[in-house]
> 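One structure follows; several queries about it will come next.
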Amino acid sequence: MKPKVFITRKIPTHLLNKLEEVCEVSIWNHENTPVPREVLEEKIVDAVGLFCLLTETIDEELLQKANNLKVISNMAVGYNNINVDVASKKGIIVTNTPGVLTETTADLTFALLMATARRIPEASDYLRDGKWSTWSPMQLTGQDIYNSTIGIIGLGRIGEALAKRAKGFNMDILYYNRSRKLEAEKELGLQYSTLENLLKESDYVCIMTPYTPETKNMIRKEHFKLMKDTSIIINTARGGIVNENDLYHALVNGEIWAAGLDVFEQEPVPMDHPLLTMPNVVTLPHIGSPSIATRIKMANVAVNNMLQALNGEIPENIVNKELGKFNN
Ligand SMILES: NC(=O)C1=CN([C@@H]2O[C@H](COP(=O)(O)OP(=O)(O)OC[C@H]3O[C@@H](n4cnc5c(N)ncnc54)[C@H](O)[C@@H]3O)[C@@H](O)[C@H]2O)C=CC1
Ligand SMILES: O=CC(=O)O
């Protein structure tokens with residue numbers, strides 16, 4: 001009998017077919033509508049494999065219904081949407097999609113940094129709104145990027161790829177991480193820093209850690225007070241890492257100059273969110289990884305993780321490594 005797999009969103013047909021060869025697949029076959037919770041709750045009861053996205057909350061309540069589940073394959077590198085502790089206790093393997101999205105996400109992060117520093121969305125609107133009547137010395141002036149200082153909080157795969165881009169702009173690069181990365185320091189000329197020093201010295205502060213109990217609200221009121229009033233914060237990691245209320249007040253009080261945000265505490269961000277009213281905040285709808293090629297690679301990795309687990313192998317990208325091998 002083929003194992004039952006539930007997929008929570010439309011995926012490329014060739015990858016769906018790959019799963020269908022060995023699994024009995026049921027799919028929420030929609031592009032832009034997340035699977036309703038009640039459908040997920042119903043499907044999880046029989047599923048042996050769950051292929052999900054970061055839009056699905058795989059919490060304890062849901063996992064308690066999952067009595068046949070052996071593997072959760074998350075199509076994202078971040079897996080803060082999943083209660084991994086509960087999954088582990090139930091012997092459910094959790095996998096993610098690291099690596100294949102690193103360069104694409106670093107590109108977007110640097111693009112957001114540039115767009116925020118040079119006020120590109122605001123300038124584009126200025127032209128289209130018919131406000132461009134002349135060229136003027138201080139019109140739409142922003143901050144320089146070349147020769148400035150970038151501080152990267154979380155020097156993992158994407159943080160390091162971001163540092164490589166910053167090096168090309170002759171930036172001084174500070175980083176704060178759980179552990180020192182001596183090889184990267186040598187190769188890229190990075191400087192390890194305390195969090196406080198990084199915030200004080202950087203013109204650009206980029207958040208690149210996962211969202212965990214330790215990183216929740218990692219950047220809050222007191223941290224903005226340390227930053228330069230010309231500095232810019234860029235967050236393409238997860239919304240809850242930067243306290244949004246404190247960020248709003250830091251911007252209103254002129255403690256920092258601007259922010260570029262690809263991620264929010266609540267997604268989609270509510271349209272009446274105060275940060276959306278500010279011209280010096282550039283906002284994106286969580287688009288770190290969507291190049292066509294990268295999204296196909298992510299879906300492919302997620303399918304392979306699922307198939308490896310269902311085949312009794314330890315998936316290449318297992319998150320709860322303590323589980324090790326299980327047998328069907
Ligand atoms: N906006 C988007 O579309 C995307 C967002 N992301 C986010 O980026 C995150 C990072 O991805 P990767 O670089 O692949 O992960 P990674 O695991 O390679 O890097 C994370 C780094 O953060 C460090 N870190 C963790 N906790 C820390 C703490 N409390 N203090 C200081 N450093 C800490 C780790 O030591 C590691 O070096 C993901 O977890 C995800 O949330 C990833 C891809 C796309
Ligand atoms: O936010 C995206 C991810 O892959 O994590």
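Just the heavy atoms: all of them, side chains too, but no hydrogens, waters or symmetry mates, feed the values below. Order of appearance sets the numbers: ligands from 1, and atoms from 1 within every ligand.
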> Can you confirm whether Lys2 is buried at NZ, in the sense that more than 12 heavy atoms of other residues, nucleotides or ligands lie under 6.0 Å from that atom?
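Yes, the 6.0 Å shell around NZ holds more than 12 heavy atoms from other groups.
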
> Under 3.5 Å, is there a donor on one side chain and an acceptor on the other for Asn217 and Asn243?
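Side chains of Asn217 and Asn243: pair found under 3.5 Å.
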
> Is it the case that atom CD in Glu41 sees more than 12 heavy atoms from other parts of the structure closer than 6.0 Å?
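More than 12 heavy atoms, drawn from other residues, nucleotides or ligands, come within 6.0 Å of this atom.
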
> State the atoms of ligand 1, each with its element, that fall below the 4.0 Å cut-off from a heavy-atom position in Arg238.
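What qualifies from ligand 1 is 5 (C), 6 (N), 7 (C), 40 (C), 41 (O).
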
> Can you tell me if Glu56 uses its side chain to pair, donor with acceptor, with the backbone of Leu53 under 3.5 Å?
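Looks like yes, one N/O pair under 3.5 Å.
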
> Identify, by atom number and element, the atoms of ligand 1 in contact range of Val77, meaning under 4.0 Å from any of its heavy atoms.
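So the answer, numbered in order with elements, is 14 (O), 38 (C), 42 (C), 43 (C).
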
> Which is closest to atom 19 (O) of ligand 1 by heavy-atom distance: Ser179, Gly156, Pro285, Gly159?
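Among Ser179, Gly156, Pro285, Gly159, the closest heavy atom to atom 19 (O) of ligand 1 comes from Gly156.
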
> When you measure from the side chain of Thr95 to the backbone of Asn317, do you find a donor-acceptor pair of N or O atoms at a distance under 3.5 Å?
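Pair absent, no side-chain N/O of Thr95 close to backbone of Asn317.
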
> Within the side chain of Thr116, is there an N or O that forms a donor-acceptor pair under 3.5 Å with the backbone of Leu112?
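At least one qualifying donor-acceptor pair exists.
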
> Assess whether side-chain contact (heavy atoms from CB on, under 4.5 Å) is satisfied between Leu50 and Leu40, documenting all intermediate values.
CA-CA 10 Å; Leu50 175 68; Leu40 188 56; 4.0 Å; yes

> Does any N/O atom on Asp262 come nearer than 3.5 Å to any N/O atom on ligand 1?
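Indeed, backbone or side chain, Asp262 has an N or O that close.
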
> What pairs of residues pass the salt bridge (charged side-chain N to carboxylate O under 4.0 Å, His left out) test when at least one of them lies in residues 244-271, not counting sequence neighbours?
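Applying salt bridge (charged side-chain N to carboxylate O under 4.0 Å, His left out) to every pair that reaches into residues 244-271, excluding sequence neighbours, yields Lys225-Glu255.
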
> Could you name the option among Arg178, Glu160, Arg157, Met298 that has the heavy atom nearest to atom 27 (C) of ligand 1?
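When every heavy atom of Arg178, Glu160, Arg157, Met298 is considered, Arg178 comes closest to atom 27 (C) of ligand 1.
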
> Side chain or backbone, does Met218 bring an N or O within less than 3.5 Å of an N or O on ligand 1?
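Between Met218 and ligand 1 (N or O atoms, distance only) the closest approach is not under 3.5 Å.
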
> Using heavy-atom distances only, which candidate in Gly154, Pro210, Ala237 approaches atom 25 (C) of ligand 1 most closely?
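The option holding the nearest heavy atom is Pro210.
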
> Under 4.0 Å from a heavy atom of Asn177: which atoms of ligand 1 are those, numbered in the order shown and with their elements?
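Under 4.0 Å from Asn177, ligand 1 has these atoms: 21 (C), 22 (O), 23 (C), 31 (C), 32 (N), 34 (C), 35 (O), 36 (C), 37 (O).
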
> Which of the numbered atoms in ligand 1 are under 4.0 angstrom from any heavy atom belonging to His286?
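In order of number, 1 (N), 2 (C), 3 (O).
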
> Could you list which atoms of ligand 1 come closer than 4.0 Å to a heavy atom of Thr105?
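Those qualifying, in numeric order: 4 (C), 43 (C), 44 (C).
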
> Say whether Leu155 and ligand 1 are in contact under the criterion: heavy-atom distance to a ligand atom below 4.0 Å.
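Yes, Leu155 has a heavy atom closer than 4.0 Å to ligand 1.
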
> Looking at ligand 1, does Pro98 have a heavy atom less than 4.0 Å from it?
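Checking ligand 1 against Pro98, which is what was asked, there is no heavy-atom contact under 4.0 Å.
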
> Which of the numbered atoms in ligand 1 are under 4.0 angstrom from any heavy atom belonging to Thr236?
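Numbered from 1, ligand 1 contributes 1 (N), 2 (C), 4 (C), 5 (C), 6 (N).
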
> If I apply the N/O under 3.5 Å rule, does Glu214 come out as touching ligand 1?
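In fact, backbone or side chain, Glu214 has no N or O that close.
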
> Ligand 2: which residues have a non-hydrogen atom closer than 4.0 Å?
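Close residues (ligand 2, cut-off 4.0 Å): Leu54, Ala76, Val77, Gly78, Leu101, Arg238, His286.
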
> Looking at ligand 1, does any of its N/O atoms fall within less than 3.5 Å of an N/O of Tyr211?
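So ligand 1 has no N or O lying under 3.5 Å from an N or O of Tyr211.
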
> For ligand 1, is there an atom lying under 4.0 Å from some heavy atom of Thr215?
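Yes, Thr215 has heavy atoms under 4.0 Å from ligand 1.
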
> For atom CZ of Arg220, decide whether the heavy atoms of other residues, nucleotides or ligands shown that lie under 6.0 angstrom number more than 12.
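Yes, enclosed.
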
> Going by side chain to side chain contact (heavy atoms under 4.5 Å, CB included), name the residues that satisfy it together with Asn170, two or more places apart in sequence or in a different chain.
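Asn170 satisfies side chain to side chain contact (heavy atoms under 4.5 Å, CB included) with Asn147 only.
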
> So which pairs with a foot in residues 22-72 pass ring-ring contact (aromatic ring centres under 6.0 Å, His included), sequence neighbours left out?
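For residues 22-72, and leaving out neighbouring residues, the ring-ring contact (aromatic ring centres under 6.0 Å, His included) pairs sorted by first residue read Trp28-His30.
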
> Side chains of Lys221 and Asn245: do they bring a donor and an acceptor to under 3.5 Å?
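No donor-acceptor contact under 3.5 Å links the two side chains.
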
> Could an N or O of ligand 1 be found under 3.5 Å from any N or O of Gly288, whether backbone or side chain?
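Yes, Gly288 has an N/O under 3.5 Å of an N/O on ligand 1.
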
> Short list, please: which atoms of ligand 1 are under 4.0 Å from a heavy atom of Lys181?
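Per the distance check, 37 (O).
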
> Check each atom of ligand 1 against the heavy atoms of Met208 and keep those under 4.0 Å away; list them by number with element.
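Under 4.0 Å from Met208, ligand 1 has these atoms: 8 (O), 10 (C), 20 (C).
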
